[in-house]
Amino acid sequence: MRRPIGVLLPPVRADRIRRGDLYRVLRMAVLEGVLSPGDRLPSTRQAAADYGVSRGLMEEVFQQLADEGLFQRSVGRGTFVAPEIARLERPARIKEQKPRSSSRSSRRGSAIAAQAGCREPDILQAFNAGIADTSEFPWRVWLRLQARAAREMGPAALNFADPRGLPHLREAVARYLAQFRGIRCTPRQVAIFNSAQQALSALTVLLLNRGDAVWIEDPCYLGARAAFDLAGAVTVPVTVDENGLVVETGVRRAPRARLAYVTPSHQYPTGVTLNLHRRIELLEWAGRNNSWVVEDDYDGEFRYAGQPLASLYSLDSGARVFYLGTLSKSMFVSLRLAYLVLPEELLEPLANVRTQMDGFTPALTQMTMSLFMDEGYFSSHLRRMRTVYRVKWKMLADGLVPMAAHGWTWSDNPAGMHLLVRHKRGEYVRQVARSSSLDLALLSRYRAARAQDDGLFLRFGALSPERLQAGVEDLAAVAMKT
Ligand SMILES: Cc1ncc(COP(=O)(O)O)c(C=O)c1O
């Protein structure tokens with residue numbers, strides 16, 4: 001293996017570089033921390049070639065800095081920034097910047113930047129841990145498959161990848177969806193994205209004009225609302241009751257909406273399921289009106305009673321439904337892989353949109369994931385995680401039982417990695433959230449307008465059983481005391 005050359009050296013602004021220029025620039029780079037203690041410098045030969053000076057001149061500069069104690073040189077090893085530099089008090093590396101007025105952003109940009117998208121908290125605790133539990137992830141298998149993917153793809157993995165997704169992964173996803181989600185589609189209908197968020201953004205570009213009405217659930221997943229806001233669509237919140245989206249309300253409020261976004265298997269955040277009657281109503285409305293439906297099946301794999309529910313997509317005979325899935329929940333969030341099932345004729349236009357966003361998804365990650373699926377590791381991982389989350393879901397639901405006597409209710413749909421507990425008196429719920437040291441999100445945050453009642457959105461995915469148990473005990477204690 002070739003030895004790494006060393007750090008990149010800072011540029012020198014001069015037509016003709018003199019010894020003094022080089023010396024000053026390198027000295028300041030060390031003192032200001034641009035070069036860090038212990039950094040390895042390139043050889044004098046390499047540095048001389050980079051600066052376009054003679055090797056003799058470079059040698060003189062390095063030696064002077066070594067004489068001053070800023071560089072350390074040793075035969076055979078090379079030249080390094082002296083570790084003792086760390087003890088010097090350095091001039092501020094970056095000058096303090098004056099706060100700038102927001103007038104530098106556009107009006108649209110400021111409005112968008114004023115709201116944050118989905119970010120996980122720095123510290124995972126009860127009950128902000130909506131991300132996947134990775135403690136059981138077969139890491140060694142993943143590393144082995146990653147190496148195999150690199151070997152099988154060879155240097156081709158370093159080039160542009162297909163904006164539609166790697167054919168191998170699109171085939172594996174189509175097979176998986178047929179087996180586990182009752183979705184009949186060909187690999188030519190599957191597009192791979194870095195995230196459900198990105199797939200939504202690409203879809204809005206392709207399908208929506210500014211000002212188009214879009215039904216969103218009320219309460220709604222904030223990521224979806226953000227994607228539609230970003231597209232300049234007019235979001236129309238449609239009530240969700242115990243049977244899911246109240247289609248009738250949507251039809252009354254925006255009969256000609258261009259698109260409806262739904263989470264039918266496990267509504268986010270209420271946890272209810274869209275019943276069959278409403279599913280049919282929704283598809284009929286979309287067919288009559290020539291509208292699209294986006295089915296976000298973000299955690300459809302995790303249902304702990306009976307079989308996973310059939311998808312809305314599988315009921316649709318009119319090719320109006322886009323089926324969106326993410327591997328953020330079923331694998332791990334930083335995998336950055338999601339898939340979209342769409343009508344075949346939209347694949348190429350969507351791929352063109354993608355090339356104008358970030359191009360494509362890294363091929364190596366896609367290849368590793370497809371091997372993970374082909375070799376059966378994905379289904380075993382899902383099976384294992386279903387048990388892990390089922391145990392946690394039950395632990396949480398059991399821990400909430402004492403709160404029922406105080407008027408708290410929650411959905412009894414055993415699914416996913418979150419649970420919403422509600423109470424008729426919103427002020428009381430907000431008081432509980434304020435007096436607790438837990439990280440509790442309020443249902444009102446996900447709603448379009450303030451309502452009488454409120455709720456606590458408890459996300460437990462990555463919590464250990466011990467922390468989950470302690471968390472729910474704390475919550476119940478605060479709720480009873482308040
Ligand atoms: C409703 C919903 N959709 C999608 C996602 C995940 O999407 P992504 O693939 O963008 O990480 C989440 C994650 O929390 C979610 O809650």
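What you are looking at is a predicted structure, and each value in this text was computed from that prediction instead of being measured. We're numbering straight along the sequence, starting at 1. In listed order, ligands and their atoms are each counted from 1.
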Query raised in the report: Do the ring planes of Tyr304 and Trp393 sit parallel (below 30°), tilted (30 to 60°) or perpendicular (above 60°)?
Result: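 The arrangement is tilted - the two ring planes meet at 30° to 60°.
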Report task. With Arg188 as reference, evaluate Glu344, Glu171, Glu348 under the side chain to side chain donor-acceptor pair (under 3.5 Å) test and give the passing residue. Result ->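 It is Glu344, the one option of Glu344, Glu171, Glu348 that forms the side chain to side chain donor-acceptor pair (under 3.5 Å) with Arg188.
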Quick one: nearest non-hydrogen protein atom to [atom], plus distance?
atom	result
atom 16 (O) of ligand 1	Tyr268 CE1, 3.0 Å
atom 5 (C) of ligand 1	Tyr221 OH, 3.4 Å
atom 3 (N) of ligand 1	Asp296 OD2, 2.6 Å

Ring centroid separation for [X] and [Y], is it under 6.0 angstrom?
X	Y	value
Trp292	Trp215	no
His418	His266	yes
Phe332	Trp142	yes
Tyr446	Phe457	yes

Determine whether the side chain, the backbone, both or neither of [X] has a heavy atom under 4.0 Å from any heavy atom of ligand 1.
X	value
Ala196	both
Glu217	neither
Tyr261	side chain
Lys329	side chain

When you compare ligand 1 with [X], is there at least one nitrogen or oxygen pair between them that comes in under 3.5 angstrom?
X	result
Thr326	yes
Tyr298	no
Thr263	no

**Report entry** ligand 1 atoms in contact with Ser328 (distance to a heavy atom under 4.0 Å)
**Finding:**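 Here the atoms of ligand 1 in question are 8 (P), 9 (O), 11 (O).
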Requested in this report: Provide the number and element of each atom of ligand 1 under 4.0 Å from a heavy atom of Gln197.
Outcome: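 Heavy-atom distances to Gln197 below 4.0 Å select 10 (O).
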Query raised in the report: Is the shortest heavy-atom distance from the side chain of Val421 to the side chain of Leu458 under 4.5 Å?
Result: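 Yes, side chains in contact.
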Report task. For Tyr389 and Asp133, test the side chains for any donor-to-acceptor distance below 3.5 angstrom and give the result as yes or no. Result ->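 No pair is found: no donor N or O on one side chain lies under 3.5 Å from an acceptor on the other.
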